[in-house]
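Since the structure is predicted, the reported quantities are computational estimates derived from the model, not experimental observations. Residue numbers count from 1 along this sequence.
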Amino acid sequence: MEKRTNRPPRPLTERRQFFDSENRPVPNRRPASRDSEGRSEEGRFEGSRAEGGRYEGSRSDKPRYPHRPAQDRSIDMIFGLRPILEALNAGRTLDKIFLLRGTKNSMTQDITALAKTANIPVSMVPIEKLDGITRKNHQGAVAYVSPIDYMPLDSILAGLYEEGKTPLLLVLDRITDVRNFGSIARNAECMGVHAIVVPSRGAAQVNGDALKTSAGALNLIPVCREPNLKDTLTFLRESGVQVVACTEKSDASLEAETVDLTGPLAILMGSEEDGISPEYLRLADHKLRIPMAGQISSLNVSVASGIMLYEVLRQRLVKA
């Protein structure tokens with residue numbers, strides 16, 4: 001009997017024989033060719049792992065840690081306490097900062113103090129929140145980098161008065177959808193709005209989706225981030241700006257032209273879920289509703305803002 005060790009080695013190119021439904025041999029398929037990096041056309045793994053725990057030749061490109069979401073490529077992030085602190089010291093515009101809850105040291109205190117001065121919201125969150133934001137080694141600190149620079153409202157308003165222009169501002173209360181925010185910015189730029197005012201907390205993040213939806217308008221129109229909208233509305237009224245709230249709860253309709261919209265004006269828009277906050281409604285000089293003839297009693301906030309701003313532009317053009 002032939003010993004097992006004396007058997008001739010099998011050729012490396014040997015392939016399994018396949019048969020069809022009638023038991024006829026099927027010619028072997030052409031061996032998959034390989035590229036310069038050792039990957040086969042069939043997408044099988046041929047070599048080492050790529051960065052991020054992925055297989056280079058895998059067509060599905062499945063992450064090594066499937067329980068963590070893939071990073072949004074439209075959002076720029078900074079990881080680690082030291083890089084975030086250096087970004088704040090350099091004056092870089094950050095959108096939000098997340099720190100690991102329970103972390104107390106001199107660096108976190110400096111980050112919190114600098115962020116407060118720059119009106120950047122800081123949230124102390126559990127480790128699960130940070131792991132849900134990114135798959136990278138965040139070391140307990142993550143910051144979103146804003147693609148735009150926020151402008152101070154008081155300097156913009158003073159500049160408009162000095163130039164002899166009639167201010168037209170758009171104040172957004174809790175607009176959280178980035179695409180709605182982008183569409184609103186596009187409407188605002190087309191209708192001649194001088195600045196958009198948003199709260200530092202509870203507002204949509206300005207990211208790649210918002211920029212794309214705005215068709216570049218967010219690169220043209222100033223955005224002001226205010227820590228307290230109540231104080232902001234009070235400041236606007238004291239500065240001679242009329243605050244008009246768009247709400248379906250009002251008895252005054254937009255088409256009746258009961259409100260003169262040709263002077264210094266700030267249009268206040270609320271979220272689709274709750275509308276405008278009651279404390280902000282009490283600060284409005286006038287409340288207007290958009291007339292509707294259909295069965296659905298509400299509009300998308302970006303559409304509603306476009307209608308309101310068009311009426312402002314129409315009245316100003318007629319007066320001019």
Min side-chain heavy-atom separation [X]-[Y] under 4.5 Å:
X	Y	value
Gln242	Pro264	no
Ile78	Glu86	no
Leu94	Ser146	no
Val223	Ile148	yes
Val206	Pro147	yes
Val145	Met77	no
Arg289	Lys249	no
Val178	Asn207	yes

Least distance between heavy atoms, [X] atom then [Y] atom:
X	Y	value
Leu309	Ala188	CD1-CA, 3.8 Å
Lys96	Ala203	NZ-O, 4.2 Å
Pro126	Leu100	C-CD1, 4.0 Å
Ala115	Leu88	N-CD1, 4.4 Å
Val241	Leu265	CG1-C, 3.5 Å
Ile175	Gly270	CD1-O, 3.3 Å

With a 4.0 Å cut-off, would you call [X] and [Y] a salt bridge?
X	Y	value
Arg314	Glu257	yes
Glu279	Arg282	no
Asp260	Arg316	no

What is the distance from atom [atom1] of [X] to atom [atom2] of [Y], rounded to the nearest 0.5 Å?
X	Y	atom1	atom2	result
Ser183	Asn300	OG	CG	7.5 Å
Ile120	Leu114	CD1	CG	8.5 Å
Asn180	Met269	CG	CE	10.5 Å
Ile84	Arg92	CD1	CZ	11.0 Å
Leu288	Glu248	CG	CD	13.5 Å
Lys129	Phe98	NZ	CZ	5.0 Å

Inset, instruction - Go through Ser123 and Leu99 one step at a time and tell me if the side chain to side chain contact (heavy atoms under 4.5 Å, CB included) criterion holds. - result: CA-CA 6 Å; Ser123 300; Leu99 300 177; over 6 Å; no
Donor-acceptor pair, side chain of [X] and main chain of [Y], under 3.5 angstrom:
X	Y	value
His194	Pro167	no
Arg237	Leu283	yes
Ser250	Thr247	no
Asp173	Ser277	yes
Arg179	Ala210	no
Gln315	Leu261	yes
Asp285	Val243	yes
Asn187	Ser302	yes
Arg186	Phe181	no

Legend entry - Residue of the set Ile267, Leu236, Ile276 for which side-chain contact (heavy atoms from CB on, under 4.5 Å) holds with Val171: Leu236
Inset, instruction - Verify side chain to side chain contact (heavy atoms under 4.5 Å, CB included) between Asn228 and Thr232, making sure each step is shown before the conclusion. - result: CA-CA 6 Å; Asn228 191 317; Thr232 301; 5.6 Å; no
Answer yes if [X] and [Y] sit in the same cluster of Ile, Leu, Val, Met, Phe, Trp and Tyr residues linked by side chain heavy atoms under 4.5 Å apart, and no otherwise.
X	Y	answer
Val312	Ile221	yes
Val318	Met308	no
Val244	Val303	yes
Tyr150	Val122	no
Leu220	Ile156	no

Inset, instruction - Please determine if Lys230 forms a cation-pi arrangement with Tyr280, meaning its NZ or CZ atom is less than 6.0 Å from the six-membered ring centre and no more than 45° off the ring axis. - result: no
Inset, instruction - Might you confirm whether atom CG of Asn105 has over 12 heavy atoms from other residues, nucleotides or ligands at distances under 6.0 Å? - result: yes
Legend entry - Heavy-atom neighbours of Tyr161 OH exceed 12 at 6.0 Å: yes
Inset, instruction - I would like to know whether Leu170 and Val197 meet side chain to side chain contact (heavy atoms under 4.5 Å, CB included); could you show each step before the answer? - result: CA-CA 6 Å; Leu170 183 61; Val197 182; over 6 Å; no
Legend entry - Stepwise side chain to side chain donor-acceptor pair (under 3.5 Å) test for Asn119 and Ser200: CA-CA 7 Å; Asn119 290 332; Ser200 58; over 6 Å; no
Inset, instruction - For the pair Leu168 and Leu313, evaluate side chain to side chain contact (heavy atoms under 4.5 Å, CB included) and give the outcome as yes or no after the intermediate values. - result: CA-CA 10 Å; Leu168 174 57; Leu313 181 61; over 6 Å; no
